[in-house]
S.K.: 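Dumping the structure here so I can ask a few things about it.
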Amino acid sequence: MGKNKHALRYKQSSIAIISGMVIALLGIFYGDFLNQLNRQEQEEIQDFTYQNQYMFSILINESFEMDSLMELLDQPSITVMADAISAYVDAKYNECWARAVLFPGDGLKYHLCEGRYPTEEELKQGKPVVVLGRAQKPYTYQKDGEDYILILGEEYQVVGYCSGIHTTVLNYTYLFFYPCLGSQLRKELLQAGDTWILHLVLSSDTKSVNSLYESVKTQLEAQGFQVGELTELPLDYTGAQYKTQHKLFSYLIYGFSMFITIVIIQYWIYQRTFEFAIRRIYGYTRFRLLLHIGKELCVLLVIAGVIAGVLYGIVGVTYYLVFGILLTQLGMAALRVLGILLGTFIILMIYPMWNIYHQQALDAYRNG
């Protein structure tokens with residue numbers, strides 16, 4: 001306790017140093033938090049991706065018959081989806097990109113956090129249903145105890161919600177099912193605006209999709225339709241929490257706050273010039289004086305670390321409650337935090353070391 005009081009003897013400077021370090025640590029902690037989330041996102045994207053996952057496009061026109069294509073695409077073990085469908089969400093007053101399942105193959109890899117996929121009966125009846133990402137729930141409304149959403153003015157029952165297990169990679173999903181498309185969205189699927197391009201994704205964990213593609217291409221080209229090349233496609237999920245600029249801002253906050261803190265430390269040391277001179281007279285070596293300053297800065301850093309750690313914990317809890325994000329490998333995260341604190345302490349000691357070993361020696365030389 002005595003050491004803490006001594007470290008806080010110059011209250012204004014000490015509080016300013018603690019404040020600067022809290023802001024700096026929050027910045028770097030948040031940057032580390034985003035890095036962890038980005039790693040988890042990439043891992044989950046791999047979990048939701050098929051071993052064989054390819055995309056091709058078909059240039060169609062008004063004479064194109066979707067039912068004929070469906071007959072060609074119906075093969076066991078291959079999941080077929082239409083991609084890049086523009087769906088206007090009435091409650092958002094905005095267009096969103098959606099996918100439609102034509103054939104589920106051996107099963108879909110979307111992680112459902114609530115609800116289910118449509119039943120066989122719903123698919124046979126063609127009842128408009130949809131699976132949404134978790135973040136889309138605020139745009140739904142309830143009727144008869146069920147969630148509904150308006151897409152292009154048509155009502156869809158929300159049968160399930162999906163999300164990543166630890167991340168938000170599926171939170172912005174709109175997943176439709178071809179037999180359950182409303183008339184407006186069915187038109188969007190085929191027209192794709194005015195381009196008349198249909199994008200299809202073929203996926204499987206157990207079977208090559210090349211033979212299906214070649215069969216579809218041969219028969220469609222025989223009918224006069226142009227078919228694009230088959231290209232590998234890692235599906236694009238939008239986590240929207242780990243943008244590069246967010247991490248850059250967190251590092252800039254850390255750097256700027258550390259710069260300001262070092263300036264304050266200069267003033268803190270200037271305030272104590274007389275104290276340090278007395279200590280030198282009473283036999284303190286430069287190393288012992290540096291050790292003394294290091295101990296006091298360490299106390300201030302620990303105080304700042306505790307404050308920043310509590311605030312960092314609040315951020316983590318907020319992400320969990322709002323987005324359902326939960327960090328894994330907390331032990332490694334704790335080690336990284338210790339490394340950050342050690343690195344910060346080393347940076348803070350640069351000026352005191354320079355001052356004691358260079359500036360004071362230079363001043364002594366100039367003053368005789």
Side-chain angles (χ1 to χ4, degrees), residues 1-33 35-36 250-315 330-368:
M1 188 67 183
K3 287 184 178 179
N4 290 0
K5 285 183 177 180
H6 191 71
L8 294 171
R9 186 172 60 180
Y10 299 88
K11 289 183 180 179
Q12 291 183 339
S13 299
S14 298
I15 292 172
I17 291 171
I18 291 172
S19 300
M21 286 193 287
V22 167
I23 296 172
L25 291 175
L26 281 176
I28 198 68
F29 285 171
Y30 188 62
D32 181 67
F33 183 75
N35 278 325
Q36 292 178 70
S250 70
Y251 299 146
L252 288 175
I253 289 170
Y254 177 78
F256 180 74
S257 299
M258 286 298 293
F259 173 77
I260 297 299
T261 302
I262 290 171
V263 172
I264 297 169
I265 288 174
Q266 291 182 24
Y267 177 68
W268 182 66
I269 289 177
Y270 172 77
Q271 285 182 301
R272 307 178 65 177
T273 302
F274 182 72
E275 174 196 337
F276 292 157
I278 296 298
R279 290 182 182 275
R280 289 285 285 156
I281 291 171
Y282 278 89
Y284 269 62
T285 63
R286 286 192 175 90
F287 177 77
R288 188 180 174 188
L289 189 57
L290 183 66
L291 193 63
H292 174 76
I293 294 173
K295 288 179 180 179
E296 295 195 8
L297 281 178
C298 187
V299 170
L300 298 180
L301 180 59
V302 168
I303 295 172
V306 170
I307 296 172
V310 171
L311 295 175
Y312 177 51
I314 292 173
V315 170
L330 293 179
M332 291 299 295
L335 288 177
R336 282 196 299 273
V337 167
L338 291 176
I340 289 170
L341 292 175
L342 178 60
T344 300
F345 177 73
I346 292 172
I347 293 172
L348 293 175
M349 288 299 295
I350 290 175
Y351 176 75
M353 185 179 296
W354 178 86
N355 181 271
I356 290 171
Y357 282 94
H358 179 76
Q359 186 63 41
Q360 288 187 11
L362 185 61
D363 290 343
Y365 172 76
R366 286 173 175 172
N367 295 329

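Quick caveat: nothing in here was measured; it's all calculated off a predicted structure.
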S.K.: For L348 and L297, which heavy atoms make the closest approach, and how far apart are they?
M.R.: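 Heavy-atom minimum between the residues: O-CD1, 4.0 Å.
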S.K.: Search all heavy atoms of M349 against all heavy atoms of G294 and return the closest pair with its distance.
M.R.: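 Closest heavy-atom pair between M349 and G294: SD-CA, 3.6 Å.
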S.K.: For I264, give me all partners under side chain to side chain contact (heavy atoms under 4.5 Å, CB included), at least two apart in sequence or on another chain.
M.R.: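 So I264 forms a side chain to side chain contact (heavy atoms under 4.5 Å, CB included) with A16, I17, I260.
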S.K.: What's the spacing between E275 CD and I269 CD1 if we round to 0.5 Å?
M.R.: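 Output value for this atom pair is 11.0 Å.
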S.K.: Decide yes or no for L25 and I307: does some side-chain heavy atom of the first lie under 4.5 Å from some side-chain heavy atom of the second?
M.R.: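 Sidechains of I307 and L25: no contact.
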S.K.: So which atom in G309 and which in F29 form the shortest heavy-atom distance, rounded to 0.1 Å?
M.R.: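 Nearest heavy atoms, G309 then F29: N-CE1, 4.3 Å.
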S.K.: CZ of F287 to CE of M353: how many Å apart, nearest 0.5 Å?
M.R.: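 F287 CZ to M353 CE: 9.0 Å, rounded to 0.5 Å.
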S.K.: Name each donor-acceptor pair under 3.5 Å that joins a side chain in residues 250-259 to protein atoms two or more places apart or in another chain, with its distance.
M.R.:
{"residue": "S250", "atom": "OG", "partner": "K247", "partner atom": "O", "Å": "2.6"}
{"residue": "Y251", "atom": "OH", "partner": "N35", "partner atom": "ND2", "Å": "2.8"}
{"residue": "Y254", "atom": "OH", "partner": "T344", "partner atom": "OG1", "Å": "2.8"}
{"residue": "S257", "atom": "OG", "partner": "I253", "partner atom": "O", "Å": "2.8"}

S.K.: I need the minimum non-hydrogen distance between L289 and R279, along with the two atoms involved.
M.R.: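 Scanning both residues, the minimum pair turns out to be CD1-CD, 4.0 Å.
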S.K.: Can you name the nearest heavy-atom pair linking I293 to P352, along with the distance?
M.R.: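 Minimum heavy-atom contact is CG2-CB, 4.0 Å.
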S.K.: Mind checking the CG-CZ spacing from L300 to F345? Nearest 0.5 Å is all I need.
M.R.: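 If I round to the nearest 0.5 Å, the distance is 10.5 Å.
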S.K.: What is the distance from atom CG of L291 to atom OH of Y284, rounded to the nearest 0.5 Å?
M.R.: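 Spacing of CG (L291) from OH (Y284) equals 9.5 Å.
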S.K.: Could you tell me if the side chain of T261 sits less than 4.5 Å from the side chain of Y351, heavy atoms only?
M.R.: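 SC-SC contact between Y351 and T261 ruled out.
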S.K.: Determine whether Q12 and Q271 make a side-chain contact, defined as any pair of heavy atoms from C-beta on separated by less than 4.5 Å.
M.R.: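 Contact flag for Q12/Q271 side chains = no.
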S.K.: Rounded at 0.5 Å granularity, tell me how far CG in L342 sits from CD1 in I347.
M.R.: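 The CD1 atom of I347 is 10.0 Å from CG of L342, to the nearest 0.5 Å.
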